[in-house]
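Taking it in order: structure first as structure tokens, then the write-up.
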Amino acid sequence: MKVVHSIHELELIRAQLGDAQVGLVPTMGALHPGHMSLVDLARKVCDVVVVSIFVNPLQFGPEEDYARYPRPLQHDLDICEQAGVELVFNPGVTDLFPAQRQVTVQAGPLGSVFEGSARPGHFDGMLTVVLKLLNLVQPTMSIFGRKDAQQLASVKRMVTDLNVDVEIVQAPIIREPDGLAMSSRNQYLSPPDRQSATAIWRALEAASTEVTASAAKRAATEVLDAAAAANPNFVLDYAEVVDPETFAVLDDEDSGPALLATAATVGATRLIDNTELTLAGPPRTDEDEDADGDRIGAFRGARA
Ligand code: PAF
């Protein structure tokens, strides 16, 4: 496995790879089995797997955990090596962001709701670094986890809107045995807060069989409110049924694929998670049944 820190070294290696199918797994390090499932997915379909490890200052707010974000580089390199990763790109901040830089990506409306509203500028900073990584590594595909659903939707939007020549592959959420979605930030949780955090998965489970937005939201909120009542460190931010691509809030008139997306701050740690739903749309009325009957009658009449 090669480990490179400079853009120049990366460019030399990328040139040697020619037309190989390259899979990029962008990460901020502190790798866990969730990240490694992205590597495994890339491994299955690509000739060469590249992992980037870069804690991106642009996507952290001034009060957030940039300084204390875990950076266990040797551990990360060891597990990349064991997983058969060919190349790790681990640039320094000034390599990727020289002082004279001026241009950034703007996430648009999707970047200002939910996580974007709680973390102003987060999605602009995330997309800026992802676009740079895609430009530098020039992968055939890049793999993103579904846990960060708004991130995934924003990356897909950027790739479409800016005609970036890469396939974005979405990977399933990997969970701890008690359902908590794997995240590098879980290690910040105290044992009692870690226990309370399992309410997030229980809430998603409770919502997952519902077929209307209001019922799904109610089922999840009941569980999350109970967790907040039991532990004052558990503060629910939102539990909302949204369109998976635009994050527009859906209601009982809507049908088709949806996400129940939720965020809570547990202690000082912000946790996000989501589950997929299939909404049934408004209940059928007697008029709908009559209209269908008339249509079938007319169709039979036409064939007769
Ligand atoms: O999901 C992450 O770890 C980061 O947001 C990413 C995609 C590596 C960009 O810094």
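The figures here come from the full heavy-atom set of this structure, side chains too, leaving out hydrogens, waters and symmetry mates. Counting convention: from 1, in listed order, for ligands and their atoms alike.
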Face-on cation placement of R71 at Y66 ring, 6.0 Å and 45° thresholds: yes
So is R185 actually on top of Y188's ring, under 6.0 Å and inside 45° of the axis? no
Can you say whether the rings of F60 and Y69 are parallel (under 30°), tilted (30 to 60°) or perpendicular (over 60°)? perpendicular
Pairs flagged by side-chain hydrogen bond (donor to acceptor under 3.5 Å, both in side chains) wherever residues 73-84 is involved - sequence neighbours left out: Q74-D78
Do D252 and S214 have a side chain donor and acceptor closer than 3.5 Å? yes
Can you find a side-chain donor-acceptor pair between S6 and E9 that sits under 3.5 Å? yes
Tabulation required: pairs of a nitrogen or oxygen in ligand 1 and a protein nitrogen or oxygen under 3.5 Å; columns are atom names and distance to 0.1 Å; otherwise 'none'.
unit_1, atom_1, unit_2, atom_2, d
ligand 1, 1 (O), Q151, OE1, 3.4
ligand 1, 1 (O), Q151, NE2, 2.9
ligand 1, 5 (O), Q59, NE2, 2.9
ligand 1, 5 (O), Q151, OE1, 2.7
ligand 1, 10 (O), Q59, OE1, 2.6

